[in-house]
Asker: 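Take this structure first; my questions come after.
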Number of protein chains: 2
Amino acid sequence: MELPPIVQSFVLHFGEMGSRWGINRTVGQIYALLYVSSEPLCADQIVEKLGISRSNVSMSLRELQGWNLVVLKHLPDDRRDFFTTPDDIWQILRTLAEERKKREIDPTMTVLREILMQSPTGEAERYAQDRMADMYGLIEQLTNWYDDVKQLETDRLATLLALGAKVTRLLETKDRIVSFGRGRHSGKKDGESA
Amino acid sequence: MELPPIVQSFVLHFGEMGSRWGINRTVGQIYALLYVSSEPLCADQIVEKLGISRSNVSMSLRELQGWNLVVLKHLPDDRRDFFTTPDDIWQILRTLAEERKKREIDPTMTVLREILMQSPTGEAERYAQDRMADMYGLIEQLTNWYDDVKQLETDRLATLLALGAKVTRLLETKDRIVSFGRGRHSGKKDGESA
DNA sequence: TCGAAGTTTCAGTAATTTCTGAAATTTCAA
DNA sequence: TTGAAATTTCAGAAATTACTGAAACTTCGA
C-alpha cells in the first residue's frame with residue numbers, strides 16, 4: 001500500500017470498521033480512499049494504491065454502486081470508469097441513512113407485518129404478538145419521523161440539529177401563546193431552564 | 001427448535017438479520033426469543049428451545065450482557081440465572097443507540113481527531129485532511145444532537161418524533177413573533193403550508 | 001471439606017465470508 | 001470483422017468467524 005501516512009491511517013481504519021458497519025474490509029478501504037481523493041480514481045489506480053486484486057476491486061466497486069455511495073466520472077477519450085464520492089457530505093449522510101434503512105429495517109418490518117396478520121393460537125403467541133406489535137409501532141414512529149425530516153433542505157436540517165432538545169422549550173412557548181390566545185392555560189408544568 | 005410458528009419466524013428472522021446488525025446469528029436468535037417470552041428464561045431453556053449448544057448460549061448471553069440488552073433475574077431458592085429484555089421498548093431503543101454509537105462511531109471520531117492533529121506534508125494530504133474535517137464536523141453535529149435529545153423523557157421524545165419536520169414551521173412562527181416583537185421582519189420567505 | 005448444580009473457557013472443527021487468478025465477456029476503434 | 005483494452009465472472013484458496021464438546025471453574029449447601 002503506497003499512500004501518505006495520514007491517508008493510510010484513515011483507509012486502514014475504514015477497513016477495520018467495515019465489519020461493524022455491515023460492509024467488508026475492501027469495500028471500506030476503497031470508500032475511504034475515494035472519499036479523501038481530490039480526483040476520481042479508476043480501478044487500476046485503486047489496485048495499485050491498496051495492493052489488492054483487480055477482481056476484488058471490481059466486485060467492491062460494484063457493491064459501493066449498489067449502495068449509491070460512489071459517482072462515476074468519465075474523461076474525454078478514455079474508456080475507463082473513474083469513481084468518486086459526492087462532494088456534499090450531507091448528501092452522503094442521506095444516502096447512507098436511506099440504504100441502511102432499506103437493508104436493516106425494511107425487511108424486519110415486512111416480517112413483522114406478516115406475523116401480525118396471523119391469529120395467535122395460544123397464550124404464549126398472544127404475548128409474543130403483543131411485543132412484536134410494540135416493536136412495530138416504535139419503528140413506525142421512528143421511520144415516519146425520518147421520512148418527514150429527510151425532505152428538509154440541508155440548512156433547515158442543520159438548524160433542527162443545532163436546536164436539539166431545545167425544541168421542547170419552543171413547544172412550551174407555543175403552548176403558552178396558543179392557550180393564552182384561547183384564554184386558558186395548558187396543564188403542563190414548565191420548570192426547565194437552559 | 002421447538003417453538004410456536006409465530007415465534008419461530010421471528011426468531012429465525014432475527015438470526016438472519018444478525019449479520020447486518022453487527023451481531024451473529026445465535027445472539028440475534030436468543031435476543032428475539034427473550035424479547036417475545038413473557039417469563040425470563042435460563043440458559044438450558046434457551047438451549048432446548050433453539051437447539052444450540054450450551055456453550056454457545058453461554059457466550060451469546062455474555063455478549064448480550066456486554067450490549068446491556070438483557071436483564072438478569074433470580075427466582076427464590078434457584079441458583080440459575082434467568083434472562084429477559086427490559087419491558088420498556090423505548091429503553092431498549094436508548095440502549096441500542098448508545099451501544100451502536102460506542103461501537104460504530106466513537107472509534108472513528110478518535111481516529112479522526114488523531115489524524116487532524118497532524119500537519120499535512122503535501123497537497124494531497126491537505127485535501128484529505130479537509131475532507132476528514134468535514135466528516136468530523138458532521139458527525140459532531142449529529143452526536144451533539146443525539147446527546148441532547150437522549151436526555152428527554154420518553155413522552156417528550158415521542159412528541160418530538162410526532163412533530164417531525166413540522167418543527168421548522170414552528171421555528172418560522174417563532175421567528176415572526178420574535179422579529180415582530182423587535183419591530184422588524186425576518187428576511188425569510190414563508191410560503192410553505194401543511 | 002466434599003460434591004452437586006450451574007457456568008465459563010477454550011482448543012479444535014465447521015461454516016461462512018472474502019479474496020484471487022484465470023477465463024469469459026464487453027466495448028469500441030480500425 | 002478483428003483484436004486490443006477494459007471489465008466482470010466464478011471456482012477454488014485463504015482468511016475469518018461461529019460453534020461445539022470436554023474440561024475447568026465457581027458457588028453453595030450439607
Side-chain angles (χ1 to χ4, degrees), chain A residues 1 11-34 40-67 70-84 103-104, chain B residues 1 11-34 40-67 70-84 103-104:
Chain A
M1 193 186 285
V11 164
L12 291 178
H13 175 75
F14 264 59
E16 285 163 14
M17 293 300 284
S19 51
R20 299 194 189 179
W21 296 336
I23 57 177
N24 69 32
R25 185 176 42 208
T26 307
V27 173
Q29 288 185 355
I30 292 178
Y31 184 79
L33 177 63
L34 295 178
L41 301 177
C42 71
D44 283 317
Q45 291 173 304
I46 297 170
V47 166
E48 191 154 327
K49 284 178 194 270
L50 298 183
I52 55 182
S53 76
R54 184 62 181 73
S55 54
N56 195 4
V57 170
S58 177
M59 289 190 304
S60 301
L61 284 171
R62 168 169 291 269
E63 172 142 13
L64 283 171
Q65 284 176 277
W67 278 80
V70 291
V71 177
L72 256 99
K73 300 260 169 169
H74 286 101
L75 301 182
D77 300 323
D78 192 329
R79 266 163 56 197
R80 292 173 299 176
D81 290 335
F82 286 78
F83 298 86
T84 0
R103 287 167 175 75
E104 300 184 9
Chain B
M1 194 184 286
V11 164
L12 291 178
H13 175 75
F14 264 59
E16 285 163 14
M17 293 300 283
S19 52
R20 299 195 189 178
W21 296 335
I23 57 176
N24 69 34
R25 184 175 44 206
T26 308
V27 173
Q29 288 185 355
I30 292 178
Y31 185 79
L33 177 63
L34 295 178
L41 301 177
C42 71
D44 284 317
Q45 290 173 304
I46 297 171
V47 166
E48 191 154 326
K49 285 180 195 266
L50 299 183
I52 56 183
S53 76
R54 184 63 181 73
S55 54
N56 194 6
V57 169
S58 177
M59 289 191 303
S60 301
L61 284 171
R62 169 167 292 267
E63 172 142 13
L64 283 171
Q65 285 176 277
W67 279 80
V70 291
V71 177
L72 256 100
K73 301 259 171 172
H74 286 101
L75 302 181
D77 300 323
D78 193 329
R79 266 161 58 195
R80 292 173 297 175
D81 290 335
F82 286 79
F83 298 86
T84 358
R103 288 167 174 74
E104 300 184 11

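Hydrogens, waters and symmetry mates are skipped; everything else that's a heavy atom, side chains included, is used. If you're wondering where the values come from, they're calculated on a predicted model, not measured in any experiment. Chain naming here is simple, since letters A, B, ... match the order of the sequence lines and numbering starts at 1 in each.
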Asker: Are B/I52 and B/T26 packed together at the side-chain level, in the sense that at least one heavy-atom pair is separated by less than 4.5 angstrom?
Answerer: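 When only atoms from C-beta onward are counted, B/T26 and B/I52 do touch, with a gap below 4.5 Å.
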
Asker: Of A/S19 and A/S58, whose nearest nucleotide on DNA chain D comes first from the 5' end?
Answerer: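 That would be A/S58.
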
Asker: In whole angstrom, give the distance that lies between atom CD of A/Q65 and atom P of D/dT8.
Answerer: 7 Å

Asker: Under 4.5 Å between any side-chain heavy atoms of A/H13 and A/V11, yes or no?
Answerer: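 A/H13 does not reach A/V11 side chain to side chain.
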
Asker: Among C/dT7, D/dT20, C/dG21, find the nucleotide with the atom closest to the side chain of A/S53.
Answerer: C/dG21

Asker: Specify the separation, in whole Å, of atom CG of A/D81 and atom C1' of C/dC28.
Answerer: 14 Å

Asker: Calculate the interatomic distance between B/I52 atom CD1 and C/dA15 atom C1'; express it in whole Å.
Answerer: 15 Å

Asker: Mind checking whether A/Y31 and A/Q29 have side chains closer than 4.5 Å, heavy atoms only?
Answerer: no

Asker: Does A/E48 CD have over 12 foreign heavy atoms under 6.0 Å away?
Answerer: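 No - once you tally the heavy atoms of other residues, nucleotides and ligands closer than 6.0 Å, there are 12 at most.
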
Asker: Which sits closer to the 5' end of DNA chain D, B/G51 or A/F82, going by the nucleotide each is nearest to?
Answerer: A/F82

Asker: I need the CG-P distance between A/N56 and D/dT7, as an integer number of Å.
Answerer: 15 Å

Asker: Figure out the CD1/C1' separation between A/I46 and C/dC19, and round it to whole Å.
Answerer: 16 Å

Asker: Using a 4.0 Å heavy-atom cut-off, does B/D44 contact any base of the nucleic acid, only the sugar-phosphate backbone, or nothing at all?
Answerer: nothing

Asker: If you check the B/R25 side chain, which of D/dT9, C/dT9, D/dC19 turns out closest?
Answerer: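 Within the option list, the nearest is D/dC19.
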
Asker: What integer distance in Å separates B/D78:CG from D/dT27:P?
Answerer: 17 Å

Asker: Could you check how far CG of A/D77 sits from C1' of D/dA5, rounded to whole Å?
Answerer: 15 Å

Asker: With a 4.5 Å cut-off on side-chain heavy atoms, are A/L41 and A/F83 touching?
Answerer: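 Sidechains of A/L41 and A/F83: no contact.
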
Asker: Grab the CE-P distance between B/M59 and D/dA18 for me, whole Å please.
Answerer: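 Whole-Å distance recorded here is 10 Å.
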
Asker: How large an angle, rounded to 10°, do the end axes of the helix from C/dT1-D/dA30 to C/dA30-D/dT1 enclose when each is built from five base pairs?
Answerer: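 That helix has its two terminal axes inclined by roughly 10°.
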
Asker: If you look at every strand shown and take non-hydrogen atoms under 4.0 Å, does B/R54 touch a base, only sugar-phosphate, or nothing?
Answerer: base

Asker: Mind listing the closest non-hydrogen atom pair of A/R80 and A/C42 along with its distance?
Answerer: NH1-SG, 3.8 Å

Asker: Output all residues satisfying side-chain hydrogen bond (donor to acceptor under 3.5 Å, both in side chains) with B/S53, sequence neighbours left out; order by chain, then residue number.
Answerer: B/S55

Asker: Does any N or O donor sit under 3.5 Å from an N or O acceptor when you compare the side chain of A/R79 with the base of D/dA5?
Answerer: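 Indeed there is one.
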
Asker: For the residue pair A/R103 and A/W67, would you count it as a cation-pi contact if the rule is NZ or CZ under 6.0 angstrom from the ring centre and within 45 degrees of the ring axis?
Answerer: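 Pair A/R103/A/W67 counts as cation-pi.
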
Asker: Of the candidate nucleotides C/dC19, D/dA18, D/dA6, which contains the atom at the shortest distance from the side chain of B/N24?
Answerer: D/dA18

Asker: Please tell me which of the listed nucleotides, C/dT7, D/dT9, D/dT20, lies nearest to the side chain of A/R62?
Answerer: D/dT9

Asker: Examine C/dC19: is either OP1 or OP2 under 4.0 Å from a nitrogen or oxygen in the side chain of A/T26? Give yes or no.
Answerer: yes

